[in-house]
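Here is the structure we will look at.
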Amino acid sequence: MSPLTVLVTGGSSASGVAVARALSIAGHRVLTVGSDQARIGAAAREAGDGVTPLVCDLGSLESVRGLAATMTDHGVGGVDGVIHLVGGWRGATGIEDQTDADWEALERSAVTTLRNVSRVFYGQLEASRQGRFAMVSSTAVASPTAAAASYAAAKAAAEAWTLAVADGFRRTQSPEGDPSGQRSAAVILVVKALVDESMRRAHPERRFPGHTDVEELAAAVVGLFDQPASTLNGQRILLAK
């Protein structure tokens, strides 16, 4: 089977580097996206040869449409996977001090970017022989706290949108409930929090209980392309320990 083309958003993060590297090692063509040219270029180099850095403001629908056009200029006929790693954290002490500024920032990073990317690339993922759309969510959605109310609510909205994407794939590819036609899948990867080696070096006294290593996340992402779409589509996969 020929290599697949996978777009990794939030590619400047430690998780973005790990996922891009793992996908490239697995033989896929990887395009990684960030908002800053210098940072995404450095991240792509760290991820390894064959990883192409691209710059885009994912919070702007027009910018994401421009990204798709740029990819066409790079000779990309369509993507087979979108791994959405754009995140962010804002917390407070309780319900009363949840600020509008925090909510707006979380809505943009967790929900708006995901909506934009999924709308622009949905048709390509649906047409792919092995389309995969994945987002990273949090255990906070299932057990929200007052201090993390805005964060949990934004992640819950992102999960709901992703499940709607899964329903779209199901309706067009398995309209009669026959899973044999299912080629594309949208999934939610759930973590408590992510950890990487730089965090461990910076805080050698910490044990990071329940955290998921970015390398474990990367392995889970690669594995999505080895599993049948019919069993993956609409699943909420727990990676937290």
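Start at 1 with the first residue, then count along the sequence.
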task: Could you tell me which non-hydrogen atom of Asp36 sits nearest to which non-hydrogen atom of Val55, and how far apart they are?
output: C-CG2, 4.3 Å
- line: Between Leu4 and Arg129 the two heavy atoms that sit nearest each other are CD2-NH2, 3.1 Å
query: Is the side chain of Asn116 donor-acceptor paired with the backbone N or O of Thr113 at a distance under 3.5 Å, no angle test?
result: no
query: Backbone N or O of Glu126 within a donor-acceptor pair of the Gln173 side chain at under 3.5 Å?
result: yes
field: Check: Leu239 and Leu217 side chains under 4.5 Å, non-hydrogen atoms
entry: yes
- request: Indicate the atoms forming the closest heavy-atom contact of Ser12 with Gly34, along with that distance.
  value: OG-CA, 4.1 Å
field: Donor-acceptor pair, side chain of Thr172 and main chain of Gly168, under 3.5 angstrom
entry: yes
- prompt: Taking NZ, NE, NH1 and NH2 as the nitrogens, is one of them in Arg21 or Glu215 under 4.0 Å from a carboxylate oxygen of the other?
  reply: yes
task: Could you pull out the closest heavy-atom pair between Thr32 and Gly11, with the gap in Å?
output: OG1-CA, 3.1 Å
task: Measure the CG-CG distance between Leu67 and Leu54 for me, rounded to the nearest 0.5 Å.
output: 6.0 Å
- prompt: Under the side chain to side chain contact (heavy atoms under 4.5 Å, CB included) criterion, do Leu114 and Met135 qualify, and how do the steps go?
  reply: CA-CA 8 Å; Leu114 184 141; Met135 64 159 287; 3.8 Å; yes
- request: Give me the ring orientation class for Phe225 and His28: parallel if the planes are under 30° apart, tilted from 30 to 60°, perpendicular past 60°.
  value: tilted
query: Rounded to the nearest 0.5 Å, what separation is found between the CG atom of Leu7 and the OG1 atom of Thr52?
result: 10.5 Å
- prompt: Just by modelled atom types, is the Gly59 backbone N or O under 3.5 Å from a matching donor or acceptor in the Ser63 side chain?
  reply: no
- prompt: Take atom CD in Glu205; do more than 12 heavy atoms of anything else shown fall under 6.0 Å from it?
  reply: yes
Electrostatic pair Asp57:Arg108 at N-O distance under 4.0 angstrom: yes
Ring centre gap for Tyr122 and Phe169 strictly below 6.0 Å: yes
task: Ignoring hydrogens and angles, tell me if any N or O in the side chain of Asn233 forms a donor-acceptor pair with the backbone of Ala166 under 3.5 Å.
output: yes
Pair up each side-chain donor or acceptor in residues 150-158 with any protein partner under 3.5 Å, not counting sequence neighbours, and list the distances.
residue, atom, partner, partner atom, Å
Ser150, OG, Gln98, OE1, 2.7
Lys155, NZ, Val136, O, 2.8

- prompt: Ser24 side chain to Ala20 main-chain N or O, any donor-acceptor pair under 3.5 Å?
  reply: no
query: What distance do Leu125 atom CG and Gln130 atom CD have between them, rounded to the nearest 0.5 Å?
result: 12.0 Å
Which atom of Glu159 lies closest to which atom of Ser138, heavy atoms considered: OE2-O, 4.3 Å
message: How close do Val187 and Thr162 get, counting heavy atoms only, and between which atoms?
response: O-CG2, 3.7 Å
task: Kindly compute the distance separating CZ (Phe208) from NE2 (His203), expressed to the nearest 0.5 Å.
output: 6.0 Å
field: Any donor-acceptor N/O pair, Ser13 side chain to Gly10 backbone, under 3.5 Å
entry: yes
Atom CG of Asp73 with >12 non-hydrogen neighbours under 6.0 angstrom: yes
Spatial distance of atom CZ (Arg183) from atom CG (Asp80) [nearest 0.5 Å]: 11.0 Å
query: Does a side chain donor of either Asp178 or Ser174 reach within less than 3.5 Å of an acceptor in the other side chain?
result: no
message: To the closest 0.5 Å, what do you measure between CG (Asp102) and CD (Glu107)?
response: 12.5 Å
- request: Find out whether Leu189 and Thr212 are in side-chain contact, i.e. whether some heavy atom of one side chain is under 4.5 Å from a heavy atom of the other.
  value: no
field: Salt-bridge present (Asp196, Arg200; N to O < 4.0 Å)
entry: no
Whether Gln182 side chain and Ser184 backbone form a donor-acceptor pair below 3.5 Å: yes
message: Determine whether a donor-acceptor pair (N or O, by modelled atom type, separation under 3.5 Å) exists between the side chain of Arg236 and the backbone of Ile188.
response: no
